[in-house]
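These notes are about the structure you will find just below.
The chains referred to below are lettered A, B, ... by the order of the sequence lines, with proteins before strands, and numbering in each begins at 1. Any value given below was found using the heavy atoms of this structure, including those in side chains, with hydrogens, waters and symmetry copies removed.
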Amino acid sequence: MEKTYNPNSFENKIYQNWESKGYFNPDNSQAATDNPNKDKPFLITMPPPNVTGVLHQGHALFASIEDAYARWKRMLGFKVLWLPGTDHAGIATQLMVERLLESEGTSRVKVGREEFLKRTWQWKEEHGGIIQKQLRALGSSCDWSRERFTMDDESNIAVKESFLRFYHKGLIYRGERLVNWSTGLDTAVSDLEVVKKTVNSNLYHIRYDLEDYSGSLTVATTRPETLFADTAVAINPKDDRYKDYEGKKIKLPLTDRTIPIIADEYVDTEFGTGALKVTPGHDHNDWKIGQRHNLESLSTIDRNGLMMKPAGEFKGMKVKDARKATIAKLEEQGLLLKKEPHTHEVGHCDRSGVAIEPLISTQWFMKMDSMAKNALAAAKTSNQEKRALRYFPEFWDKTYFEWLENIQDWCISRQLWWGHQIPAWHCSDCLQITVPKTMSDGEPTKCIHCGSEKITQETDVLDTWYSSGLWPITTLGWPNDSADLNFYYPKTKYSDEREPKELYSLMETGSDIIFFWVSRMLMMCTELMDGRIPFEDVYLHAMVRDEKGQKMSKTKGNVVDPMDIINEHGADALRLTLLVLSGGGRNVNFNIKRLEGYKAFLNKLWNAVRFTMPNLSDSEVNGESGGGKSIPYKLPSEAELRESNFVNRWILSRLNETIQEVNKYFQDYRFDMAFNTTYQFVWYEFCDWYLECFKSSDKSKTDKQTLAFCINQILHLLHPIAPFITEEIYRALPGNADKALMMQPYPEEYDSSTLGNVDDMKTFSNLKELVEGLRNFRTENTISPKKEIFACLLKRDEATWPMIAKFVEPLARLKLSLNESDLEGKSTGKVSTANFDIAIPLDGLVDFEAESKRLNTQINKISKELEGLNKRLSNRSFLERANPAVVEKTEKEQSKLSTKLKSLEESLAALKA
RNA sequence: GGGCAGUUAGCUCAGUCGGUAGAGCGCCUCCCUUACAAGGAGGAUGCCGGGGGUUCGAAUCCCUCACUGCCCACCA
């Protein structure tokens, strides 16, 4: 082994080996026949990154989490299918190719649909594949042999088939509705793709005169230019001011139309003037009012954002200009009564940034209510403990419920070219639509209504999220009755009860796409799979931000490229950091300092093994002499352990506790805790104490076997979160050259009946306390660490001393070579614990002042603690009401501290004398 | 307007049956002791956001306020 940990020298090599051996493919599972989990499925469908994307910290985070979990489950014996793939990312990809064409001096429209698609595929071939390489660099153990793309042939089949089924079930329909139109993208978008932005605008008060000029109403609006499509003015029925207006006709300014005055509860009497112009053709609320009152819907803005015929002389103007012109005209006619600054939220296109123009358009929609009901039921059962679908962190289910309970139909058609073209055919003879019952015989050639052959396929494509919504089933081969679908797709129905631990599938993704993706998968897949939900646990991680909690963005210049980190520090350090910081689903404020700390830990581990190595080559440990089969790295027998020293029993029982905790934390998706627990154990117990003790041990067979067992178990424990270094070290261990750690069973709690009994634990803490006291004495008196101290043991616990004696001297660098008589007439310092007193002659070692200061500091500290304990123990209520175990613990602590205090005070007195 | 998170050491964050607060980095002192200076030994640092309540005891449970971040939303 090299002297220092150098991840670059082996990470690639290790990954290539794993992949070439086929370890990622669950068909090659190596679980032992007696493993209780053998042949049980476990499915993680990877959230598909954009096919032409490059790895960012968000990807690195999901890959770290999913890989850690997949590796843990795999080592537990499950057949783990972690299925990778990429997404065609409709709008995003189309925009990139459009930009490319623009740079060539042409455009999408100029080259035409066919050529455009050709160029897009070409773009995909050229720019795809990068992210797969990067996911490999992170150590992702996903099954590349099953990799998929949302627009590959199988996905095409699945998307079409699902569309036909949804359509014929009445879950997909076509209709004229008010939709969110993005003039920036020239397509309709769904509600989720509209983001609200705060806009400083004006509220215009406009006078509308009654038809008979017997009075007028003043409406307040931010969009005067839409008045050309007004079809009513609404007032609140409870508004006394306008009681007499309801049912009357009112003149629409700048036009020759008259429109009715209606009463609707929606109108807020407090806002504006309490009179609302109703434009069902260009406003979502007005659309709803229109539905309630059977109002006509007019359009005055077209798909290019230009004014239409109803706008009269403003026809052809851009909306923005038309607004100015309308205001000017109103002002001219004396109808503009007031203009006041107004700040409000306006919907903008998430992708292109332009203001969304609500307008009436014929689109395809998916009916959501019935599917939402089932998706809701999956997470909301009468017995919440056994709900089929669980969110982690749990608070996400509230968000999920909230959305599903208020769900609107989903506009799934897009006027784009890059995507899945909708499998519906328009007949130019009878104008009806043909959606075939099946497409197994190919595309339809005749209209099913009139038989005409003049049919053409719908040009709209489906929202990218439509194919994403089917991803868990398309990747398994649906609609075919494939082996993977049968084996890996969860059996749990939305209406089932499930034991939380009976888990065979996980969805892990960013919390920002809980609606876009998670909810839709649940609805669509559950519908198509006879009520079986696509995954049972959903773990949602937060966004990766910089160390100040700011979003990473190029303009801020705070972007951290995970590939840079991997190149400089290795994938394991990055994984550890992301896993720890994302613990419990919290925000991930990436901090390079944390990463450096965790990398230091990996170096520590590396060196611990380097030290261990020579002690593992002993044939007594790794093989019986005489050529018998060796059983390395196994737990020493009960008898062997009982005969050996307490340090072995102590470390083994601490290891056992660590194993239990780590498994529990994995189960709860607490990767941070799983790692921290191991970190603390490895560094502060295994390295700092166990290895130091080992150096002074007899290095007996049992001693060495204990060491070997611990090292081996530690590597196993850490493998899911730091796969590269653990695999590299594992293979370097004697006898492991052609083994693979990733395919070994995960550590499980072992029978500890003869291990860490209470006495061993106590003996160890005695040792630790004494050594620490002596080290403290040395430092406080500024005695060089090099200088050996000669001392005398005054008081000792007879039962414990023989066990710890040989460790105390080397660990504290002192010699207990003096007798009590040697101390006579000399000033001595004293190190005391509850069970031991050690006297150290001070001549030539320390100045008395320093020693008296040290003693005083300790006395003060202990007195203070003792004071607190005394106070509690003299409180009758505490004694009466507190848990007896707590009282007992407090009493013990009190007596321990008293003894120590007394001893320190004696020392101080002796020093003064 | 509604909801969800968060507020703990100088910085980034743990703290899952309430028992008197921890880690990493940074800081101070000493040490290149043959696994590790990416290390070792020792040390300093906290009105656990404010206020109120429950309790023998609260960072932890309840109420309330403040601030930060995010999500949803139909006041034109």
Side-chain angles (χ1 to χ4, degrees), chain A residues 1 3-5 196 203-204 219-223 234 266-273 275-279 283-289 342 344-345 393 395-396 398-399 402-403 406 511-512 514-515 542-543 545 547-551 577 580-581 583-587 589-614 664-665 668 670 672-673 676 679-680 684 687-688 691-692 695 771-772 775-780 782-786 810 812-813 857 865 868-869 872 875-883 885-887 889-890:
Chain A
M1 285 177 84
K3 189 176 173 187
T4 54
Y5 164 57
K196 293 281 164 71
L203 192 60
Y204 300 94
V219 303
T221 180
T222 54
R223 300 204 61 188
Y266 166 74
V267 180
D268 183 351
T269 56
E270 303 289 312
F271 187 85
T273 59
L276 169 72
K277 68 190 266 306
V278 184
T279 323
D283 184 282
H284 288 286
N285 298 316
D286 294 5
W287 169 265
K288 283 178 199 155
I289 296 175
H342 179 62
H344 63 145
E345 304 286 310
F395 59 73
W396 283 112
K398 280 194 195 110
T399 309
E402 176 76 19
W403 189 70
N406 298 296
S511 55
D512 53 332
I514 183 171
F515 307 138
M543 187 186 284
R545 298 158 188 283
E547 72 274 10
K548 294 188 187 94
Q550 303 270 319
K551 266 190 188 176
T577 310
V580 169
L581 292 178
R586 272 172 246 276
N587 282 348
N589 294 351
F590 189 80
N591 188 329
I592 194 72
K593 290 286 177 195
R594 294 288 290 264
L595 181 136
E596 284 164 6
Y598 296 131
K599 187 184 175 189
F601 168 78
L602 295 173
N603 185 58
K604 183 81 181 174
L605 176 70
W606 182 270
N607 279 292
V609 178
R610 213 157 63 82
F611 166 78
T612 309
M613 206 70 88
K664 178 181 154 290
Y665 287 133
D668 297 341
R670 290 308 302 261
D672 57 331
M673 303 289 276
N676 273 334
Y679 180 106
Q680 303 290 327
Y684 303 126
C687 291
D688 286 354
L691 284 184
E692 292 307 316
K695 288 175 183 173
V771 169
E772 280 172 346
R775 283 172 176 170
N776 180 273
F777 173 86
R778 185 190 285 274
T779 303
E780 295 294 312
T782 57
I783 302 169
S784 164
K786 280 185 266 186
R813 293 204 147 233
T857 312
E865 279 179 53
L869 293 178
R872 261 206 281 171
N875 183 341
R876 263 184 60 196
S877 299
F878 174 72
L879 296 173
E880 281 165 16
R881 303 194 187 200
N883 185 328
V886 174
V887 176
K889 199 176 139 199
T890 312

Closest non-hydrogen atom pair, Ser511(A) against Trp396(A): CB-CZ2, 3.1 Å

What's Tyr679(A) touching, base or sugar-phosphate or nothing? Going by heavy atoms closer than 4.0 Å. sugar-phosphate

Lys599(A) or Asn676(A), whichever maps to the more 5' nucleotide of RNA chain B: Asn676(A)

Please report the distance separating the C1' of C47(B) from the corresponding atom of A41(B), rounded so that it comes out in whole Å. 33 Å

Watson-Crick or G-U wobble mate for G1(B), both contacts under 3.5 Å: C72(B)

Could you measure between the two C1' atoms, the one in C63(B) and the one in A58(B), and give it in whole Å? 15 Å

Report the distance from atom CZ of Phe395(A) to atom C1' of U16(B), rounded to the nearest whole Å. 15 Å

Remember a base hit wins even if backbone is also touched, and classify Asp512(A) as base, sugar-phosphate or nothing at under 4.0 Å, heavy atoms. nothing

With 3.5 Å as the limit, what N/O pairs link the protein to nucleotides 71-75 of chain B?
| residue | atom | partner | partner atom | Å |
| --- | --- | --- | --- | --- |
| C74(B) | O4' | Asn285(A) | OD1 | 2.4 |
| C74(B) | O4' | Asn285(A) | ND2 | 3.3 |
| C74(B) | O2' | Tyr266(A) | OH | 2.6 |
| C74(B) | O2' | Asn285(A) | ND2 | 3.1 |
| C74(B) | N1 | Asn285(A) | OD1 | 3.4 |
| C75(B) | O2 | Asp268(A) | OD2 | 2.3 |
| C75(B) | N3 | Asp268(A) | OD2 | 3.3 |

P atom, U68(B) versus A59(B): distance in rounded Å? 26 Å

Which nucleotide, if any, forms a Watson-Crick or G-U wobble pair with U54(B), using both distances under 3.5 Å? none

Where along nucleotides 40-47 of chain B does protein come under 4.0 Å, by heavy atom, of base (B) or sugar-phosphate alone (S), with - for untouched nucleotides? SSSS----

Would you check if Leu276(A) and Asp286(A) make a side-chain contact, meaning some heavy-atom pair closer than 4.5 Å? yes

Could I get the full list of ring-ring contact (aromatic ring centres under 6.0 Å, His included) partners for Phe515(A), not counting sequence neighbours? Trp403(A)

For a quick check of understanding: with a heavy-atom distance under 4.0 Å over all strands, which category does Tyr204(A) fall into, base, sugar-phosphate or nothing? nothing

Considering only atom P, compute the distance from G49(B) to U7(B) and round it to an integer number of Å. 8 Å

Using side-chain heavy atoms (C-beta onward) and a distance below 4.5 Å, is Thr4(A) in contact with Trp606(A)? no

Is Arg813(A) close enough to U33(B) that one of its side-chain N or O atoms is under 4.0 Å from OP1 or OP2 there? no

Sort out the partner of U29(B) for me: Watson-Crick or G-U wobble, both distances under 3.5 Å, none otherwise. A41(B)

Would you indicate what Arg223(A) reaches in the nucleic acid, counting non-hydrogen atoms under 4.0 angstrom: base, sugar-phosphate, or nothing? nothing

Closest non-hydrogen atom pair between Thr273(A) and Ala220(A), with its separation: OG1-N, 3.7 Å

From the list C36(B), G19(B), A76(B), which nucleotide is the closest neighbour of the side chain of Thr222(A)? A76(B)

Which is true for Lys3(A) with a 4.0 Å heavy-atom rule: it touches a base, it touches only sugar-phosphate, or it touches nothing? sugar-phosphate

Look at all strands and tell whether Glu865(A) reaches a base, only sugar-phosphate, or nothing, counting heavy atoms closer than 4.0 Å. nothing

What residues form a ring-ring contact (aromatic ring centres under 6.0 Å, His included) with Tyr204(A), not counting sequence neighbours? none

Whole-Å gap separating P (A76(B)) and CG (Leu203(A)): 8 Å

Rounded to the nearest Å, what distance is computed from the CG atom of residue Leu879(A) to the C1' atom of nucleotide G19(B)? 14 Å

U64(B) versus A5(B) - spacing of their P atoms, nearest Å: 15 Å

Drop me the distance from Arg775(A)'s CZ to Glu772(A)'s CD, to the nearest 0.5 angstrom. 7.0 Å

Arg778(A) CZ - U33(B) C1' separation (whole Å): 11 Å

In whole Å, measure the gap between the C1' atoms of G10(B) and G26(B) for me. 7 Å

Could you tell me if the side chain of Lys695(A) sits less than 4.5 Å from the side chain of Pro810(A), heavy atoms only? no

Please determine, for the side chain of Ala600(A), which listed nucleotide (A38(B), G19(B), A35(B)) has the closest atom? A38(B)

If we ignore angles and hydrogens, is there a donor and acceptor under 3.5 Å between the side chains of Arg610(A) and Asn607(A)? yes

Do side-chain atoms of Asn603(A) reach the backbone of Lys599(A) as a donor and acceptor pair under 3.5 angstrom? no

Among the nucleotides A76(B), U16(B), A35(B), whichever has the atom closest to the side chain of Met673(A) is U16(B)

With rounding to whole Å, what would you report as the distance between A14(B) and G6(B) at their P atoms? 9 Å

What residues, two or more places apart in sequence or in another chain, satisfy ring-ring contact (aromatic ring centres under 6.0 Å, His included) together with Phe395(A)? none

Gap between atoms CD and P, on Glu692(A) and A35(B) respectively (whole Å): 8 Å

On RNA chain B, does the nearest nucleotide to Gly272(A) precede the nearest nucleotide to Arg872(A) from the 5' side, or the other way round? Give the residue. Arg872(A)

Can you tell me the Watson-Crick or wobble partner of G6(B), both distances under 3.5 angstrom? C67(B)

Using a 4.0 Å heavy-atom cut-off, does Val267(A) contact any base of the nucleic acid, only the sugar-phosphate backbone, or nothing at all? base

Between A35(B) and Lys695(A), counting only base atoms on the nucleotide and side-chain atoms on the residue, is there a donor-acceptor pair under 3.5 Å? yes

d(CG, Asn607(A); C1', C36(B)) in whole Å: 4 Å

Identify the nucleotide, in any strand shown, that forms a Watson-Crick or G-U wobble pair with U20(B), with both distances under 3.5 Å; if there is none, say none. none

Report, as yes or no, whether the 6.0 Å neighbourhood of atom CD on Glu270(A) holds more than 12 heavy atoms from other residues, nucleotides or ligands. no

Length of the line joining Asp672(A):CG and A23(B):C1', which is rounded to integer Å: 12 Å

Closest heavy-atom contact between Gly583(A) and Asp672(A)? CA-CG, 3.3 Å

Report, one pair per line, the protein and nucleotides 10-12 of chain B atoms (nitrogen or oxygen only) whose separation is under 3.5 Å.
| residue | atom | partner | partner atom | Å |
| --- | --- | --- | --- | --- |
| U12(B) | O4' | Asn591(A) | ND2 | 2.9 |
| U12(B) | O2 | Arg594(A) | NH1 | 2.6 |

Would you say that Tyr665(A) contacts Asn676(A) through its side chain, given a criterion of any heavy-atom pair below 4.5 Å between the two side chains? no

Is a side-chain donor or acceptor of Arg778(A) paired with a backbone partner of Arg813(A) at a separation under 3.5 angstrom? yes

Regarding the side chain of Arg610(A), the nearest nucleotide among G19(B), A38(B), A35(B) is A35(B)

Gap in Å between the two P atoms, one belonging to C48(B) and one to U8(B), rounded: 11 Å

Interatomic distance, Asn883(A) CG vs U20(B) C1' [rounded to whole Å]: 16 Å

